[in-house]
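A note on names: the letters A, B, ... follow the listed sequences, proteins ahead of strands, and every chain is numbered from 1.
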Amino acid sequence: MAKRSIGTREGIALADYSEKSREQSENINHEDKQNGTNGGDSFSLKSELGCGVKQLPERLLFRAAELAARINPVNAPSFGRMEAVGGQIPNTPMFAAVVTSKYWGPTPRRLTVSFMGSVPSDVRSRIVSNLNAWSRTGCIEFVETQEIGQVRISLGGGGYWSYLGTDILLIPRNRPTMNLQGFSMNTPESEYTRVVRHEAGHTLGMPHEHMRRALVSRIDPEKAYEYFRRTQGWDRATVDQQVLTPLEEASLLATPADQDSIMCYRLPGSITRDGQPIRGGADINDSDYAFVGKVYPKQSADLSSATYFADDWSENEDVDVESVIVESSY
Amino acid sequence: MSRLIEIQDLDALPPALKVQSGDVLWFAATGGRAGPSDGKMNESADVVSLLGIYMQCVIGTNGQVLSPLGSPNTVLFLARQSGRARIEVVTGDPWHEPRTISLDVIVE
């Protein structure tokens, strides 16, 4: 399962660390009580936890986020998007260093959904129900609105597509954010499951699983070029973009590629090196659910109460950020 | 004046589509090709050509070009000169039972 993206990795690492800190803190406190001793100070606690993540002094957190974004724009925080969805952003510099890229963040939220054009109510209900399949383990809910939704679904031509994660908030309001060509009450439930849940995954910020390097490496490029030229009329550049260019693994959480993920297309054996198809996912599988439960936990991580071990020094020792950037460019 | 003609419903097209030289045909589709008409490659290739297969994107409110995830969703053809041609338009899901529609085009 592809776990997007750089920001997600940091957010999950942070949430995991805070959980571990609290758990171990509770265990240590329990032991102290049993032994009749007082709880240790923060340094004792750190030694119990082993390697810990140091945090910058609070006054430098915003500057650190700014520097990260300058070095790699993917790291840019997305406060505006969070505010647009009514996300509760703690007014603390800590949060500024966590929210990045197209990830919605770990707090529960509702995304409003509307449909473009005239769509029967039973079709709308069926689509929204399948969007919400992810809610079994995730804290993001899709809610239909009579107003212009944040998620705007069209059923026109052009296949199936969706904008990625928080990008949907940047799409002009008269344009769709998702397309489900031709869906109707005559569409089999298997297609509602396979397609709507896949596109919902994109809206949640998940990219294509078949673009993982381990799966791309199974494809024979020349066979793929011939296959998609014949069936779609695609040129080589289009095939490269759609099928043969792997995601940058460094931007993903390190989990094995999952060809049964709902986010993985089915690719025929006729284009693979070993003749075996890339199976593709027909529904959200256990790995998908587990991942969503981690990045969008139903009981959201309370980052404001996380136990961090803040370092500090006098302000006159702070590093000149501009000189760091210049040095790193050589 | 050349026209940009948006074809919205592939199932509601006439047997042959009449357009003018210079017109651009715009299909919401995932693929396509400008094929021969009646097996005569010479005639068709000069009459209608495939301009390209695209992913339609938008400029977001942040000023950046934003692309959806999915297969290409727009196919453009150019009517170059008078004559008759056959084109093919592919629609649906490229990964699951795509549908190819043949269309005769008469360029006046």
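In this structure, chain B has a heavy atom under 4.5 Å from the backbone of A:Arg230, while its side chain stays farther away. There is no contact between A:Gln241 and chain B, counting heavy-atom distances below 4.5 Å. Of the atoms belonging to B:Thr74, not a single heavy atom falls under 4.5 Å from chain A. In this structure, chain B has no heavy atom under 4.5 Å from any part of A:Ile168. Looking at A:Arg194, the atoms closer than 4.5 Å to chain B (heavy atoms on both sides) all sit in the side chain, from C-beta outward. Contacts between A:Thr238 and chain B at a heavy-atom distance below 4.5 Å involve the side chain alone, from C-beta outward.
One finds the CH2 atom of A:Trp234 at 8.0 Å from the CD1 atom of B:Ile53 (value rounded to the nearest 0.5 Å). Between the CG atom of A:Leu164 and the CG atom of B:Leu69 there is a distance of 5.5 Å, given to the nearest 0.5 Å.
When all heavy atoms of B:Gly70 and A:Gln242 are compared, the pair lying nearest together is O-NE2, 3.0 Å. Residues A:Thr231 and B:Arg33 share a closest heavy-atom pair of N-NH2, 4.1 Å. In terms of heavy-atom proximity, A:Gln232 sits nearest to B:Pro98 at NE2-CB, 3.6 Å.
Interface remark: of the candidates A:Phe228, A:Tyr265, A:Trp161, A:Tyr265 forms the most heavy-atom pairs closer than 4.5 Å to chain B. No other option in B:Ala28, B:Gly60, B:Pro68 has as many heavy-atom pairs under 4.5 Å with chain A as B:Pro68. Heavy-atom pairs under 4.5 Å with chain A peak, among B:Ile59, B:Val75, B:Thr61, at B:Thr61. When each of B:Thr100, B:Leu66, B:Val90, B:Val89 is checked for heavy-atom pairs under 4.5 Å with chain A, B:Leu66 comes out on top.
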**OP:** Determine, stepwise, if the pair A:Arg175 / B:Gln56 fulfils side chain to side chain contact (heavy atoms under 4.5 Å, CB included).
**Re:** CA-CA 11 Å; A:Arg175 303 301 300 271; B:Gln56 189 175 24; 3.6 Å; yes
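In this structure, the side chains of A:Ile278 and B:Trp95 stay at 4.5 Å or more apart for every pair of heavy atoms.
Other residues, nucleotides and ligands contribute only 12 or fewer heavy atoms inside 6.0 Å of the CD atom of A:Glu147.
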